[in-house]
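Only heavy atoms go into these numbers, but all of them, side chains included; no hydrogens, no water, no symmetry mates.
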2 protein chains.
Amino acid sequence: MESEELRNVGLKVTTPRLKILSLLENASEKHMTAETIYRQLGESGEVIGLATVYRALAQFEAAGLVTRHQFDGGQTVFELERGPHHDHIVCVRCGRVEEFYDKVIEERQRVIAAQLGFTLSDHALTLYGECNDPACRESKA
Amino acid sequence: MESEELRNVGLKVTTPRLKILSLLENASEKHMTAETIYRQLGESGEVIGLATVYRALAQFEAAGLVTRHQFDGGQTVFELERGPHHDHIVCVRCGRVEEFYDKVIEERQRVIAAQLGFTLSDHALTLYGECNDPACRESKA
DNA sequence: TTGCACATGAGAATTATTCTCATGTAGGAT
DNA sequence: ATCCTACATGAGAATAATTCTCATGTGCAA
């Protein structure tokens with residue numbers, strides 16, 4: 001139940017928060033902007049202030065329930081933090097996002113940080129390229 | 001000479017462009033925001049419109065003379081593209097930026113992209129952590 | 001059931017960046 | 001050297017994304 005998730009991280013259980021969480025869990029797109037969340041909620045009859053959406057997302061992020069990404073050029077997207085850590089590859093033509101996890105890269109990062117005298121706390125890795133989806137190929141021509 | 005760099009990439013040689021390039025080459029900070037560049041030019045008597053700074057930076061980026069970075073939370077910074085490719089590690093406490101290059105990571109990225117059916121065109125990797133600079137340590141306490 | 005700390009909505013405010021448009025200028029052609 | 005034209009510039013307006021303000025509403029512990 002979503003109420004549990006909220007309680008577990010010390011947030012009051014409110015309607016807006018529940019709706020936002022549940023939208024993130026059920027949406028077809030895994031990566032959504034605050035605007036999109038706001039609009040989709042509105043369309044399904046759940047009118048929630050845009051400021052509230054931003055506030056809730058910020059709190060969810062602080063609580064570790066969601067992560068925030070800034071892909072090149074695009075606007076900030078939020079993603080439900082489910083399952084293990086992963087990084088992203090984004091198609092520069094159609095915007096499709098795939099996820100991946102690479103143990104080698106993760107380990108190298110730790111080594112590099114240590115070598116430079118840093119205690120690693122986080123990282124952001126995004127690859128950009130053109131995907132081989134036929135539909136995407138055409139969209140260029 | 002900076003005029004050469006501009007001509008080589010097909011940009012007219014103008015005073016604002018020369019001043020911005022030369023500031024980037026001589027500044028103590030390697031990573032600068034558009035605002036900072038604008039302000040520093042102003043302070044040294046070279047008053048250049050902020051819009052012009054943004055325009056020039058965008059052109060320099062398109063021409064491959066500078067790269068643009070979006071470190072977490074901070075605003076966009078620009079860096080003169082000199083020497084070989086590198087990634088960054090940023091101190092989350094004092095904001096210090098160090099550069100690094102890791103062949104293993106670079107190679108893994110290419111492999112991963114290929115596996116996922118992407119033709120890699122670019123990537124953004126930034127590590128975040130706490131640095132061990134004594135001055136930084138104190139700033140927390 | 002009540003009180004109060006915290007949450008919400010609406011719109012104003014802020015911040016970063018881009019656009020508009022009237023005017024200026026680099027640099028190729030003459 | 002001079003002229004012409006396409007491109008560049010400055011100033012401020014416009015836009016976009018996000019955060020803030022503040023009056024009002026509500027979860028939930030006592």
Side-chain angles (χ1 to χ4, degrees), chain A residues 1-23 31-63 65-78, chain B residues 1-23 31-43 45-63 65-78 95:
Chain A
M1 186 61 56
E2 285 108 20
S3 342
E4 283 310 312
E5 300 192 54
L6 291 174
R7 264 188 221 101
N8 290 340
V9 298
L11 289 174
K12 276 188 188 172
V13 178
T14 68
T15 310
R17 285 173 187 164
L18 285 172
K19 297 298 176 192
I20 294 168
L21 251 193
S22 126
L23 176 64
H31 304 88
M32 309 180 75
T33 67
E35 271 290 327
T36 304
I37 292 169
Y38 168 72
R39 189 156 20 76
Q40 291 199 8
L41 286 172
E43 282 165 8
S44 61
E46 305 290 349
V47 178
I48 287 170
L50 181 55
T52 300
V53 173
Y54 273 105
R55 273 185 298 234
L57 289 170
Q59 293 161 330
F60 293 173
E61 187 195 16
L65 293 179
V66 309
T67 41
R68 174 193 301 259
H69 306 292
Q70 275 278 169
F71 299 139
D72 268 12
Q75 76 192 79
T76 305
V77 293
F78 297 85
Chain B
M1 186 59 58
E2 286 110 20
S3 343
E4 283 310 313
E5 301 191 53
L6 291 174
R7 264 188 221 98
N8 290 341
V9 298
L11 290 174
K12 276 188 186 172
V13 178
T14 67
T15 310
R17 285 172 186 165
L18 285 173
K19 297 299 178 192
I20 293 168
L21 251 194
S22 125
L23 175 64
H31 304 89
M32 308 180 75
T33 67
E35 271 290 329
T36 305
I37 293 169
Y38 168 72
R39 188 156 20 79
Q40 291 198 10
L41 286 171
E43 282 166 9
E46 304 291 350
V47 178
I48 287 170
L50 181 56
T52 300
V53 173
Y54 273 105
R55 272 185 299 236
L57 288 170
Q59 293 161 331
F60 293 173
E61 186 194 16
L65 293 179
V66 309
T67 41
R68 174 194 301 258
H69 306 291
Q70 276 277 166
F71 299 138
D72 268 12
Q75 78 192 78
T76 305
V77 294
F78 297 85

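Taken from NZ in Lys19(B) to CG in Leu41(B), the straight-line distance is 9.0 Å, to the nearest 0.5 Å. For the atom pair OG1 (Thr33(B)) and NE2 (His69(B)), the distance works out to 13.5 Å, reported to the nearest 0.5 Å. We find the OG1-NE2 distance between Thr36(B) and His31(B) to be 13.0 Å, quoted to the nearest 0.5 Å. Remark: Glu46(A) CD to Leu23(A) CG distance equals 10.0 Å, nearest 0.5 Å. Note that OH of Tyr54(A) and OG1 of Thr76(A) are 7.5 Å apart. Values are rounded to the nearest 0.5 Å.
Side-chain atoms of Leu6(B) and Phe60(B), non-hydrogen and from C-beta on, do get closer than 4.5 Å to each other.
If you measure from atom CD of Gln59(A) to atom C1' of dG27(D), you get 14 Å, rounded to the nearest angstrom. Regarding Gln75(B), its CD atom lies at a distance of 15 Å from the C1' atom of dA16(D), rounded to whole Å. If you measure from atom CG of Leu57(A) to atom C1' of dT19(D), you get 13 Å, rounded to the nearest angstrom.
Within residues 10-19 of chain B, the residues approached by DNA chain C to less than 4.0 Å at the level of any non-hydrogen atom are Lys12(B), Val13(B), in residue-number order. Across residues 42-52 of chain A, Leu50(A), Ala51(A) each have a non-hydrogen atom less than 4.0 Å from an atom of DNA chain D (numbered order).
Partners of Arg68(A) according to the salt bridge (charged side-chain N to carboxylate O under 4.0 Å, His left out) rule, which considers only residues two or more places apart in sequence or in another chain, are Glu61(A).
Comparing the local axis fitted to the first five base pairs of the helix from dT1(C)-dA30(D) to dT30(C)-dA1(D) with the one fitted to its last five gives a bend of 30°, rounded to 10°.
The shortest non-hydrogen separation linking Ile20(B) to Thr52(B) is CD1-O, 4.4 Å. Of all heavy-atom pairs between Glu5(A) and Leu65(A), the closest is OE1-CD2, 4.1 Å.
Using a 4.0 Å heavy-atom cutoff across all strands shown, Thr76(B) reaches sugar-phosphate atoms only and no base atom.
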Please table the atom pairs, donor to acceptor, closer than 3.5 Å between any side-chain atom in residues 9-16 of chain A and protein atoms at least two apart or in another chain.
from	atom 1	to	atom 2	distance (Å)
Thr14(A)	OG1	Arg17(A)	N	3.4

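Nucleotides of DNA chain C with any atom under 4.0 Å from a heavy atom of chain A span, from 5' to 3', dA5(C) to dG11(C).
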